[in-house]
Chemist: 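Before we start, here is the structure in question, set down as structure tokens.
Every chain is numbered from 1 and lettered A, B, ... according to where its sequence line falls, protein lines coming before strand lines. Just so it is clear, the model here is predicted, and its values are computed rather than measured.
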Number of protein chains: 2
Amino acid sequence: MTISEENYIKVIYHLSLVSPKGVNTNAIAGMLETKASSVTDMLKKLSEKDLVSYQKYQGVSLTENGLLSAKMIVRKHRLWEVFLVEKLAFNWDEVHEIAEELEHIKSEALINKLDAFLGFPAFDPHGDPIPNEKGVIQKVNKLLLSEAELNREYFCIGVKDSSSEFLKYLDKQKIALGSTFKVIEKESFDDTLTVEVNSQEKIISNKIANNLYVQ
Amino acid sequence: MTISEENYIKVIYHLSLVSPKGVNTNAIAGMLETKASSVTDMLKKLSEKDLVSYQKYQGVSLTENGLLSAKMIVRKHRLWEVFLVEKLAFNWDEVHEIAEELEHIKSEALINKLDAFLGFPAFDPHGDPIPNEKGVIQKVNKLLLSEAELNREYFCIGVKDSSSEFLKYLDKQKIALGSTFKVIEKESFDDTLTVEVNSQEKIISNKIANNLYVQ
DNA sequence: ATAAAAATTTAGACAAAACTAAAAATTAAT
DNA sequence: ATTAATTTTTAGTTTTGTCTAAATTTTTAT
């Protein structure tokens with residue numbers, strides 16, 4: 001697979017988690033910052049290679065082959081992110097772009113040795129699960145902070161948006177994976193939350209609460 | 001720079017160490033397993049970008065820009081090789097191809113943090129020096145085993161040929177960086193050496209002796 | 001010094017992956 | 001149920017890096 005093909009497969013994978021019926025051409029184009037016509041061209045090629053099943057105008061989904069390939073790319077991406085944060089002392093908001101490049105390094109021995117070196121981590125620095133050597137992904141119960149019940153204790157276990165801007169905001173607010181959350185009050189007008197984070201009271205907008213996973 | 005451009009710059013760098021007057025089109029084509037006409041095309045492009053100085057039919061050499069770029073690529077390659085051997089437990093004959101991919105990862109922060117993580121190593125697993133952040137390469141006195149004097153103690157400090165075949169042969173012969181060498185006898189007919197390696201007597205062909213650096 | 005051989009460059013073509021503009025199919029709206 | 005809007009595909013180009021074949025320059029050998 002070329003790097004370009006891998007990027008398409010990865011994007012189709014992520015989109016198909018949200019819309020399992022079939023992924024739109026335009027949605028793919030949006031994620032890859034390319035044009036719909038380019039996507040159509042590539043879908044034909046990926047279909048030839050039995051990585052996606054594609055019917056004109058009907059959207060696209062991954063074949064078994066394509067799904068496994070996608071999971072291996074995601075595995076590589078997330079393992080490299082762990083390496084960058086745990087071993088090279090990068091901050092969690094700095095690793096995405098570098099991992100986007102590292103995920104295309106081909107060697108399977110490399111990624112399995114890296115996995116062992118890191119101690120077979122189950123989650124990446126943003127709380128996303130890391131597929132194992134076979135592509136199996138551990139399923140985790142989680143909910144958005146915006147869906148949390150009042151006056152119950154939760155732990156932050158992940159972020160939905162892992163953009164640098166959002167992560168830097170969390171750093172500023174001293175919110176990290178493992179932080180404890182208790183929702184004190186929910187403002188019905190705009191869904192703003194009053195939350196006790198690590199025993200400190202904070203006001204948290206609905207947009208933020210919609211991008212924090214808790215348990 | 002594209003990956004292809006980087007590969008050309010790197011090959012020109014390595015060839016210019018052997019023939020400093022100017023590197024031949026055919027030599028580049030040979031190293032990159034491509035055709036001379038493709039090389040000519042690329043030399044024009046690299047010349048446009050002020051990475052090489054190139055005059056039709058007269059061979060090519062790196063500009064200051066090109067030289068620094070080449071050294072940075074070599075730096076990345078060798079640091080990744082150290083990582084693969086020291087941290088991921090690869091054997092020294094397995095790392096070249098993987099490092100050929102890793103050397104094209106762009107982030108400067110990455111490579112400097114990797115350098116620090118590895119403890120600022122001066123040499124890669126084959127004994128080749130690692131350029132520092134500025135591109136400075138430590139100069140080392142070394143000679144080939146084939147040029148060694150009789151009955152003097154030497155240490156193995158590097159290999160000239162770092163092909164997997166040669167390195168595996170050295171593993172089999174229990175020769176590694178740091179091994180001690182004393183040449184007992186030189187057969188004048190074919191230059192075969194009788195050598196004491198780590199206090200054990202061995203017969204070593206001229207071809208082998210021409211690919212081992214000692215000090 | 002000139003002819004033959006070797007090396008290099010030019011010219012024209014191709015594949016991959018992108019693009020623009022136009023056409024076709026699907027979906028939404030009256 | 002048509003029409004309008006949106007989405008998707010097709011057709012034709014472009015760019016990058018490669019190729020082959022032919023032409024040119026340089027080097028080697030007589």
Side-chain angles (χ1 to χ4, degrees), chain A residues 1-16 18-62 66 69-70 73 100-101 103-104 106, chain B residues 1-16 18-62 66 69-70 73 100-101 103-104 106:
Chain A
M1 260 204 275
T2 65
I3 290 177
S4 189
E5 287 171 351
E6 289 194 345
N7 282 331
Y8 274 90
I9 290 294
K10 185 183 54 163
V11 160
I12 295 166
Y13 171 74
H14 286 305
L15 289 171
S16 67
V18 184
S19 47
K21 331 237 127 202
V23 175
N24 295 330
T25 300
N26 265 350
I28 299 168
M31 294 278 282
L32 287 169
E33 300 183 76
T34 185
K35 295 294 152 74
S37 55
S38 308
V39 174
T40 302
D41 289 346
M42 183 57 94
L43 293 183
K44 284 180 193 161
K45 181 150 57 123
L46 295 175
S47 184
E48 286 293 308
K49 293 193 173 188
D50 191 36
L51 291 164
V52 303
S53 81
Y54 166 62
Q55 308 211 131
K56 274 197 207 177
Y57 296 101
Q58 299 314 133
V60 71
S61 59
L62 293 173
S69 301
I73 299 165
E100 289 280 301
E101 291 190 58
E103 73 190 4
H104 300 295
K106 294 282 177 279
Chain B
M1 261 203 275
T2 66
I3 289 176
S4 189
E5 288 169 351
E6 289 193 345
N7 283 332
Y8 274 90
I9 290 293
K10 185 183 52 164
V11 160
I12 294 166
Y13 172 73
H14 287 305
L15 289 171
S16 67
V18 184
S19 46
K21 332 236 128 205
V23 175
N24 294 332
T25 301
N26 265 350
I28 299 169
M31 294 278 281
L32 287 169
E33 300 184 76
T34 185
K35 295 295 151 76
S37 56
S38 308
V39 175
T40 302
D41 288 346
M42 183 59 92
L43 293 183
K44 284 180 193 162
K45 181 149 57 121
L46 295 175
S47 184
E48 285 293 309
K49 294 193 173 190
D50 191 35
L51 291 164
V52 302
S53 80
Y54 165 62
Q55 307 213 130
K56 276 199 207 176
Y57 297 102
Q58 298 314 131
V60 72
S61 59
L62 294 173
S69 301
I73 299 165
E100 289 281 300
E101 291 190 59
E103 73 190 4
H104 300 295
K106 293 282 178 279

Chemist: In whole Å, what is the span from the CG atom of Leu32(A) to the C1' atom of dA18(C)?
Modeler: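 Computing the Leu32(A):CG to dA18(C):C1' distance gives 12 Å.
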Chemist: Would you mind reading off the distance between Lys35(A) atom NZ and dT13(D) atom P, rounded to a whole angstrom?
Modeler: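 Those two atoms, NZ and P, are 19 Å apart.
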Chemist: For the pair made of NZ in Lys21(B) and P in dT27(D), what is the distance, rounded to whole Å?
Modeler: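 Going from Lys21(B) (NZ) to dT27(D) (P), I get 14 Å.
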Chemist: Establish whether the base of dT20(D) is bridged to the side chain of Ser37(B) by a donor-acceptor pair shorter than 3.5 Å.
Modeler: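 Indeed there is one.
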Chemist: Would you say dT8(C) has OP1 or OP2 under 4.0 Å from some side-chain N or O of Asn24(B)?
Modeler: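 For dT8(C), OP1/OP2 do have a side-chain N/O of Asn24(B) under 4.0 Å.
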Chemist: Please give me the minimum heavy-atom distance between Leu43(B) and Ile12(B), naming the atom from each residue.
Modeler: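 For Leu43(B) and Ile12(B), the tightest heavy-atom pair comes out as CD2-CD1, 3.9 Å.
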Chemist: Find which nucleotide of DNA chain C each of Tyr54(B) and Asp41(A) is nearest to by heavy atoms, and output the residue with the more 5' nucleotide.
Modeler: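 The 5'-side residue here is Tyr54(B).
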Chemist: Would one find a side-chain N or O of Asn26(A) under 4.0 angstrom from OP1 or OP2 of dT8(D)?
Modeler: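 Checking Asn26(A) against dT8(D): at least one side-chain N or O falls below 4.0 Å of OP1 or OP2.
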Chemist: Are Thr40(A) and dT10(D) close enough that a side-chain N or O sits under 4.0 Å from OP1 or OP2?
Modeler: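 Thr40(A) to dT10(D) OP1/OP2: no side-chain N or O under 4.0 Å.
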Chemist: Testing the basics here: between Ala36(B) and Ala29(B), what is the closest heavy-atom pair and its distance to 0.1 Å?
Modeler: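 Scanning both residues, the minimum pair turns out to be N-CB, 3.8 Å.
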Chemist: Separation of Lys44(B) atom NZ from dT9(C) atom C1', in whole Å?
Modeler: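 For the pair Lys44(B) NZ and dT9(C) C1', the rounded distance is 7 Å.
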Chemist: Report the residue (Lys56(A) or Ser38(A)) whose heavy-atom-nearest nucleotide on DNA chain C is the more 5′ of the two.
Modeler: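 First, find each residue's nearest nucleotide; the 5'-ward one identifies Ser38(A).
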Chemist: So which nucleotide from dT9(C), dT10(D), dT9(D) ends up closest to the side chain of Thr25(A)?
Modeler: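 Within the option list, the nearest is dT9(D).
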Chemist: Identify the heavy atoms of His104(A) and Glu101(B) that sit nearest to each other, and give their distance.
Modeler: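 In terms of heavy atoms, the two residues are closest at O-OE1, 3.9 Å.
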Chemist: Would you mind reading off the distance between Glu33(B) atom CD and dT18(D) atom P, rounded to a whole angstrom?
Modeler: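 After rounding, the gap between these two atoms is 12 Å.
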Chemist: Roughly, in whole Å, what's the span from CD in Glu5(B) to C1' in dT18(D)?
Modeler: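 Result: 14 Å.
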Chemist: Please report the distance, rounded to the nearest Å, between CD1 in Ile28(A) and C1' in dT9(D).
Modeler: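 Checked: the CD1 to C1' distance equals 14 Å.
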Chemist: Can you name the closest pair of heavy atoms from Leu62(B) and Ala70(B) and give their distance?
Modeler: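 Looking at all heavy atoms of both residues, the closest pair is CD1-CB, 4.0 Å.
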Chemist: Does Gln58(B) make a side-chain N or O approach to OP1 or OP2 of dT8(C) shorter than 4.0 Å?
Modeler: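 No.
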Chemist: Can you tell me if Tyr57(B) touches the phosphate of dA23(D), counting only side-chain N or O atoms and a distance under 4.0 Å to OP1 or OP2?
Modeler: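 No, Tyr57(B) has no side-chain N/O under 4.0 Å of OP1/OP2 on dA23(D).
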Chemist: Leu51(B) and Met1(B): side-chain contact (heavy atoms from CB on, under 4.5 Å), yes or no, with the steps?
Modeler: CA-CA 10 Å; Leu51(B) 291 164; Met1(B) 261 203 275; 4.0 Å; yes
